[in-house]
Amino acid sequence: MSEDDYCLIDATRPPKADEPPYAECVLCREPTEYPESYKGITLCPVCEWQEAQRTACSG
């Protein structure tokens, strides 16, 4: 069985920005690595890592 058999979470991420302005994290309001123009949920690296840990699939 592959990892895909267990995890059904869509891990799509926005494209990283090359320069400011950066979008704010939706959880802590810190700057993210993503462009401000991105429409959708953006997380800073810390919150992104914590969210990944929280939602990680255990097989």
Next on the checklist: Using only atom types and a distance under 3.5 Å, with no angle test, would you say the side chain of T32 pairs donor to acceptor with the backbone of A23?
Outcome noted: yes

Item to check | Under 3.5 Å: donor-acceptor pair, side chain of T42, backbone of C25 | outcome: no

Item to check | Pairwise side-chain contact, C28 with C44, heavy-atom cut-off 4.5 Å (strictly under) | outcome: yes

Next on the checklist: Going by side chain to side chain donor-acceptor pair (under 3.5 Å), name the residues that satisfy it together with E51, two or more places apart in sequence or in a different chain.
Outcome noted: R54

Next on the checklist: Within the 4.5 Å heavy-atom criterion, are E33 and P45 side-chain neighbours or not?
Outcome noted: yes

Next on the checklist: Membership question, hydrophobic clusters at under 4.5 Å side-chain separation (ILVMFWY): are L27 and V46 in the same one?
Outcome noted: no

Checklist entry - Does Y38 reach the side chain of K16, with side-chain heavy atoms less than 4.5 Å apart? => result no

Next on the checklist: Assess the residue pair E48 and Y34 against the criterion (side chain to side chain donor-acceptor pair (under 3.5 Å)); give the C-alpha distance rounded to whole Å, side-chain angles, the decisive distance to 0.1 Å, and a yes or no.
Outcome noted: CA-CA 12 Å; E48 194 171 272; Y34 307 113; 2.7 Å; yes

